[in-house]
Amino acid sequence: MRRDLERVLLTKEEIQSRVAQLRAQLARDYDGKDPVFLGVLKGAVPFFKDLTSEIPIRCSYDFIYASSYGAGVQSSGQVHLLKDASMELRGRHVVVVEDILDTGYTLDFLQKHLLQKKPASLRFCILLDKPKGRKVAFKADYVGFTIPNEFVVGYGLDYNEAYRNLPYVGVLKSEIYSK
Ligand code: PRP
């Protein structure tokens with residue numbers, strides 16, 4: 001799979017060390033608040049697991065499934081909610097955990113959707129921010145890395161459902177998706 005990549009953008013070690021910093025920051029900010037970490041399926045799974053396992057505070061896990069990309073490399077702009085959160089979020093401190101903020105369509109949609117549930121607070125923790133891809137304004141509260149405007153895969157991020165299992169993030173060769 002490595003040969004399908006133009007280059008590795010973030011190594012496993014770089015990701016793990018930044019995720020540990022984010023975990024420590026969340027532990028400080030949410031100590032005593034019993035937050036709900038709400039992972040966005042499917043891309044956020046590795047980040048969610050590494051971010052929240054062993055966080056030394058009382059917390060809950062829940063998942064929501066939003067999808068907008070279909071099979072291509074460009075967002076359709078239409079976000080589909082395939083699974084809603086299953087917990088009661090009213091009055092809870094909710095931290096949405098997401099792999100990437102690109103056009104902003106997904107998190108803009110989720111913010112509006114989740115605010116209707118009247119959480120005590122709502123924040124967004126993302127691993128990758130691609131500000132050049134933005135179509136709607138959105139600013140996340142916790143950001144792992146700011147990345148250039150290239151199509152990246154790995155560590156949860158896919159192209160046609162492949163590459164999610166890579167432990168690093170890489171830039172996909174354009175010949176792979178222009179075939
Ligand atoms: C990807 C990614 C984010 C979203 C970000 O999800 O996991 O949820 O796109 O892009 P945006 O800012 O342009 O909306 P996708 O729809 O591909 O579903 P997936 O998580 O199942 O891969």
Side-chain angles (χ1 to χ4, degrees), residues 1 4-5 8-10 12 14-16 18-19 22 26 36-52 61-86 89 94-117 119 122-174 176-179:
M1 281 189 300
D4 293 352
L5 302 183
V8 172
L9 192 63
L10 299 166
K12 178 179 175 179
E14 286 169 328
I15 294 169
Q16 293 302 327
R18 184 69 185 119
V19 171
L22 289 171
L26 287 168
V36 179
F37 292 115
L38 184 63
V40 185
L41 298 171
K42 295 186 255 185
V45 168
F47 179 44
F48 185 95
K49 185 258 172 199
D50 292 340
L51 183 71
T52 63
Y61 286 4
D62 200 1
F63 297 93
I64 194 165
Y65 190 178
S67 185
S68 63
Y69 276 72
V73 294
Q74 273 187 337
S75 170
S76 65
Q78 285 276 10
V79 181
H80 301 281
L81 187 66
L82 301 175
K83 179 208 168 291
D84 203 349
S86 47
L89 299 181
V94 176
V95 181
V96 175
V97 178
E98 176 63 303
D99 53 351
I100 186 167
L101 169 57
D102 186 353
T103 63
Y105 289 134
T106 304
L107 291 188
D108 180 62
F109 171 89
L110 287 179
Q111 184 177 43
K112 289 176 179 133
H113 174 72
L114 293 168
L115 283 174
Q116 290 173 14
K117 297 177 185 283
L122 179 63
R123 284 186 180 164
F124 294 83
C125 178
I126 60 168
L127 181 71
L128 307 175
D129 186 8
K130 200 197 274 187
K132 289 257 163 61
R134 211 72 95 247
K135 303 274 193 220
V136 290
F138 196 94
K139 223 175 156 317
D141 304 280
Y142 301 89
V143 176
F145 302 91
T146 300
I147 62 165
N149 198 12
E150 294 175 290
F151 192 78
V152 289
V153 295
Y155 198 64
L157 292 143
D158 75 306
Y159 169 63
N160 273 351
E161 296 300 328
Y163 309 105
R164 293 193 199 270
N165 53 319
L166 299 176
Y168 46 81
V169 170
V171 177
L172 193 63
K173 281 182 179 163
S174 58
I176 303 288
Y177 53 80
S178 50
K179 266 183 203 159

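All ligand and atom numbering here is 1-based and tracks the order in the structure.
- Residue contacts with ligand 1 for Arg164 involve side-chain atoms from C-beta outward but no N, CA, C or O (heavy atoms, distance under 4.0 Å).
- Taking only non-hydrogen atoms, the option from Glu98, Glu161, Lys42, Lys130 nearest to atom 19 (P) of ligand 1 is Lys42.
- Using a 30° and 60° split on the angle between ring planes, Phe63 and Phe48 fall in the tilted class, from 30° to 60°.
- The heavy atom nearest to atom 16 (O) of ligand 1, out of those in Gly39, Ser68, Gly156, Ala66, is found in Ser68.
- Distances between N or O atoms of Ile100 and those of ligand 1 include no value under 3.5 Å.
- Taking a cut-off of under 4.0 Å to the non-hydrogen atoms of Gly43, the atoms of ligand 1 that pass are 19 (P), 20 (O).
- Each salt bridge (charged side-chain N to carboxylate O under 4.0 Å, His left out) pair with one or both residues in residues 95-106, not counting sequence neighbours, appears once here: Asp102-Lys130.
- Looking only at atom types and distance, the side chain of Tyr155 has a donor-acceptor partner in the side chain of Asp50 under 3.5 Å away.
- The backbone N or O of Pro46 lies less than 3.5 Å from no partner atom in the side chain of Arg164, so there is not a single donor-acceptor pair.
- For ligand 1, the polar-atom distance check finds an N/O of Asp99 within less than 3.5 Å of one of the ligand's N/O atoms.
- Heavy atoms of Leu41 found under 4.0 angstrom from ligand 1 belong exclusively to the backbone.
- At least one N/O-N/O distance between Gly104 and ligand 1 falls below 3.5 Å.
- In this structure, the side chains of Leu81 and Phe109 come closer than 4.5 Å at one or more pairs of heavy atoms.
- In summary, the atoms of ligand 1 found under 4.0 Å from a heavy atom of Thr103, numbered by their order in the structure, are 11 (P), 12 (O), 13 (O), 14 (O).
- Applying the side-chain hydrogen bond (donor to acceptor under 3.5 Å, both in side chains) test to pairs two or more places apart or on separate chains, those with a residue in residues 144-154 are Arg7-Glu150.
- By the 4.5 Å heavy-atom criterion applied to side chains, Ile176 and Phe151 are not counted as neighbours.
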